[in-house]
Structure formats: C-alpha cells, structure tokens
> 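A single structure is presented below for examination.
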Amino acid sequence: MTIQDTGFGGLGRRIRLGMVGGGEGSFIGPMHRMAARIDDRYELVAGALSSDPEKAKTSAAALGLAPDRAYADFAEMAAAEAARGDGIEAVVIVTPNHLHHAPACAFLDRGVHVICDKPLTTTLDDALDLVRRVRESGLVFALTHAYAGYPLVRHARAMAEAGELGDIRLVQVEYPQQSYADLTGDGDAGRAPWRRDPERSGAGGCIADIGTHAHHLAAYVTGLELDELLADISAFVPGGRVDDNNNILLRYANGARGMLWASKLATGLSNPLRLRVFGTKAGIAWNQENPNLLEFGPLKGETRFIEAGSADLSPAALRSTRLKPGHPEGLPEAFANLYTDVADVIAARLTGREPDPLALDFPGVEDGALGMKFIDAALESSSRGGVWVKAGLAL
C-alpha cells in the first residue's frame, strides 16, 4: 500500500487543522498547506496567520476561513478553538524561530497535536521544555525536516539499518546556497531579514536555517549518534550578526568521522543538499536537486543508480512513492509524506488503534532538541577558537 492509498486512516473524515503564521508573503506557509492537501487528510479551518492583525484577517479570507476562526494571535486561537466542539485537532506552526516555543506550548497544553517548522526553538532550554511537555501529554509532535520524506532518503535509511553499507566509517553532508552571496549590510530585501536577526532567528543564522537540515539528514539516514564536533563558524557579509558559513568536523559515537558544510555564500549554487555515506561494504550518495536517484557503490561490483518508484525499494520508500519510475517527485511530495504520516498517527489515536509502524518515521521533538544541541555545540566550538565540543544529548 502506498501512502496515498491510506484514505482517512479509519477516521472517516479529514483532520481539523489550524495554522499559526504562513499568511500573505510567506514562502513556507503555502508549502505546508500544499503538503497537507496532497493526500487530502486535513481540512484547514482556523488560523492566526500573521502578527499583523489586518494581514491575518485578509490572509484568512483569501484562504476561505470563516471570519470567527480568523484570529489575531495564537493565544486567542488556542483558547477559542479549545472551547469549540469542532475545534482543531492539529496545528501547524510556521512562524519565525522565536515564535515556535510559545505557540507550541499553548496548543500542547490544550490537547492539540503540533506540526512545527524547524529549527524547533531558539534555545536548548526551550527545546528540552517541549520534549518534556510532549512526553507528558502523549501528543503527536512533528518537526518538518522535509527531506526525510523523500522516498530514496527513506530507502537509504533502510539500507543502512539492514547493514547493506556495513559498518559506517565516513559521513559527508553539505547544504550550500548562494542566497546571501550578493548581500550588503543593508541589502536584505526579499530575503526574510528576520533570519539575520538574532532576536528572532536565535544565535544561529545559516546553521539554524539549513545547517540543522544537513545535521538531521545525516543522522536520519545513518542512525549514528553524534558525539562531538569541531566548528569554524563565519559571518562574511558586512554587518552580519549571525553566521552565514559553517565548516564542521564530526565525530560519531561508533567511531565514524564526518564533515558538514552549510553556507549561504556558495555563489552559483541553488539548493544542492547532498549526503554521502561510506561503510565497509558500500557507499551511497544522494543530492536533493536530483532526488529520484540514489547512487550505490558496493566494495565489489559496479556502481549503480537506484531509481525512485522501483518495485524493489524498501517498504518505507514504497509507502512514500506516488508515481512510477521516470515521473519526478519533489519537495511538495516529500513534505506531504510527513503530513500523511502524522495524519495516520493522529487518526490511530482518535480511533483507539495502533498506527502503521512505517507511519512513525517522521522527525519529532527529540530530533529538534538534538538540532538545538548541535547549534549550541558548533557556536561554542567556534567561539573557543575551534576545539572539540560534546554534541550528544541524553534524551
């Protein structure tokens, strides 16, 4: 059964969904709404779509939300929806980083499942607070590291788990972009300037925005626990108050070594998130700009490409595949796979049954806390002149 064949997961209806942030002018809000619609598992019924009340109102009207469910802020929305018999069952948080923790708490405290954009918070303390709240509530909490939704990323993870790579020795992951390559100190127009404001982004800039994606992708595929790191964190752009380039060495608990590069200064590059993993039996390579091919190189034998949609993929990959080989699937579908996994788990909770184990494979609040520890450790290492710093976190 593929992911789109799961119907309403035994619930018999769509899950009632709310959204915080993601109004007019947002890039990520429409991506989340598209993902929620692809498999028709959610109905968006409420929103606090902007910190500007007028913009929140007009954004809600454009999306067809009822006027009485277009809220001026998340606190009003959480209280009002909790008092309704038909209130939301899940909420999506797609705000700037500093507005992740408080809305997540408000909805968790009212029994609402949470889907949150990354990074989880702006501080490790807030991240650990959310871990505690989620564990105590038993609610579903998903973090949208959407690259974990690609079928071939899930297949690569299954290969590593099955031992097809052997003992993993080397991990190379990079996420370069050119998005800040032409910035001057006052040239933030059209580039979400809050991402360069530590009051809103947190202490990490590039490392929080895309470095955490690279960190999570490596951990998700390999299953390795990061032990310590050594980082050189830079801010090249004049007037920059947060980093825009990161070079990081990684040491894993099993003895493997790795390198992570995340940059917004890679002139000429658009979005080539790339992972390479090398074990004693084989190596694999995957690039987000060509996500429907996974390179597999065995120690003995010819290197070959595994194609998305192939019938011999792992169950996790097949479940996440919509199209036959040769028909490209991309980022919206990867996002949708996370959303549908979450819908399956929520539906199982609401109907009193156990979810499909394959639906439990989405990134969660613990992944977010590990991402915050990664950010803190990298910034500390660099500030101390490039020394090894513990990056593991007992959860």
> Counting the benzene-type ring for Trp, do Phe362 and His145 have ring centres under 6.0 Å apart?
no
> Check whether the side chains of Glu289 and Asn271 place a donor and an acceptor atom closer than 3.5 Å, and report yes or no.
no
> Using every non-hydrogen atom in the two residues, find where Ala369 and Leu120 come nearest and quote the distance to one decimal.
N-CD2, 3.7 Å
> Nearest 0.5 Å, please: how far is CG in Asp68 from CZ in Arg84?
5.0 Å
> Determine whether Arg200 and Asp197 satisfy the following criterion, salt bridge (charged side-chain N to carboxylate O under 4.0 Å, His left out), listing intermediate values before the conclusion.
CA-CA 6 Å; Arg200 293 180 287 174; Asp197 175 5; 3.0 Å; yes
> Distance only, no hydrogens: is a donor on one side chain within 3.5 Å (strictly under) of an acceptor on the other, for Tyr220 and Asp361?
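The criterion, which ignores hydrogens and geometry beyond distance, is satisfied for Asp361 and Tyr220.
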> Under 3.5 Å, is there a donor-acceptor pair linking the side chains of Asn337 and Arg322?
yes
> Which heavy atom in Trp261 sits nearest to a heavy atom in Asn246, and how many Å separate them?
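What the structure gives for the nearest pair is CD1-O, 3.2 Å.
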> Regarding Ser201 and Arg195, is there a side-chain donor-to-acceptor distance under 3.5 Å anywhere?
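Result is no, nothing qualifies.
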> What I'd like to find out is whether the side chain of Pro315 reaches to under 4.5 Å of the side chain of Leu318, using heavy atoms alone.
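Heavy-atom side-chain distance check fails, nothing below 4.5 Å.
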> Taking Asn254 for the side chain and Ile168 for the main chain, is one N or O donor matched with an acceptor at less than 3.5 Å?
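It does hold such a pair.
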> Would you indicate whether Met34, at its atom CE, is surrounded by more than 12 heavy atoms from other residues, nucleotides or ligands within a distance under 6.0 Å?
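Enclosed: over 12 neighbouring heavy atoms sit under 6.0 Å from CE of Met34.
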> In terms of heavy-atom contacts, does CG of Asp167 have more than 12 from other residues, nucleotides or ligands at under 6.0 Å?
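Not more than 12 within 6.0 Å, no.
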> Are Arg16 and Glu89 close enough for a salt bridge, meaning some N to O gap below 4.0 Å?
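Looking at Glu89 together with Arg16, the answer is yes, because their closest N to O distance falls below 4.0 Å.
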> So which heavy atom on Thr95 is nearest to which on His100, and how close?
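In terms of heavy atoms, the two residues are closest at O-NE2, 2.9 Å.
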> Just so I know, are the side chains of Leu63 and Leu44 near enough to count as touching, which here means a heavy-atom distance under 4.5 Å?
yes
> Kindly give the heavy-atom pair with the smallest separation between Asp129 and Cys105, and that separation in Å.
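Minimum heavy-atom contact is OD2-SG, 3.7 Å.
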> Assess the side chains of Thr340 and Asp39: does a donor N or O sit below 3.5 Å from an acceptor N or O?
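Indeed, the side chains of Thr340 and Asp39 share at least one donor-acceptor pair under 3.5 Å.
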> Can you see whether Thr58 engages Glu24 through a side-chain donor-acceptor pair at a distance of less than 3.5 angstrom?
yes
> Should we count CD of Glu136 as having more than 12 external heavy atoms under 6.0 Å?
yes
> Cation over ring, Arg274 on Trp286, under 6.0 Å and within 45°?
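No, a cation-pi geometry is absent between Arg274 and Trp286.
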> Could you please spell out the steps behind the salt bridge (charged side-chain N to carboxylate O under 4.0 Å, His left out) verdict for Asp244 and Arg196?
CA-CA 9 Å; Asp244 47 38; Arg196 300 183 66 227; 5.5 Å; no
> Show your reasoning for whether side chain to side chain contact (heavy atoms under 4.5 Å, CB included) applies to Leu49 and Met19.
CA-CA 7 Å; Leu49 300 172; Met19 178 171 277; 3.9 Å; yes
> Could you walk me through whether Asn287 and Leu273 pass the side chain to side chain contact (heavy atoms under 4.5 Å, CB included) test, one step at a time?
CA-CA 6 Å; Asn287 188 329; Leu273 170 61; 5.9 Å; no
> Does the side chain of Tyr175 pick up a donor-acceptor pair with the side chain of Gln288 at under 3.5 Å?
no
> What heavy-atom pair brings Ala104 and Ile93 nearest, and what distance separates the two atoms?
N-CD1, 3.4 Å
> Hey, could you give me the CG/CZ distance between Leu143 and Phe141, rounded to the nearest 0.5 Å?
6.5 Å
> Between Asp243 (side chain only) and Gly205 (backbone N and O only), is there a donor and an acceptor less than 3.5 Å apart?
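Judged by distance alone, yes, a pair lies under 3.5 Å.
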> Strictly by modelled atom types, are Glu333 and Tyr150 linked by a side-chain donor-acceptor pair under 3.5 Å?
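Side chains of Glu333 and Tyr150: no pair found under 3.5 Å.
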> Can Tyr339 and His32 be counted as having a side-chain donor-acceptor contact under 3.5 angstrom?
yes
> Using every non-hydrogen atom in the two residues, find where Ser137 and Leu108 come nearest and quote the distance to one decimal.
OG-CD2, 4.4 Å
> Is there side-chain contact between Thr144 and Ile115, with heavy atoms separated by less than 4.5 Å?
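Answer yes - side chains close enough.
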> Between Phe374 and Leu229, does the side chain to side chain contact (heavy atoms under 4.5 Å, CB included) criterion hold? Intermediate values first, please.
CA-CA 8 Å; Phe374 164 74; Leu229 58 77; 3.7 Å; yes
> Hydrogens and angles aside, do Ser263 and Asn245 bring a side-chain donor and acceptor to less than 3.5 Å of each other?
yes
> Got a second to check how far Arg257's CZ is from Arg251's CZ, nearest 0.5 Å?
5.0 Å
> Tell me, do Met372 and Asp125 make a side-chain contact under 4.5 Å, heavy atoms counted?
no
> Should the heavy atoms of other residues, nucleotides or ligands under 6.0 Å from CD of Glu76 be counted, would the total exceed 12?
yes
> Pair Arg41, Asp344 - check salt bridge (charged side-chain N to carboxylate O under 4.0 Å, His left out), show working.
CA-CA 9 Å; Arg41 300 295 300 278; Asp344 282 351; 2.6 Å; yes
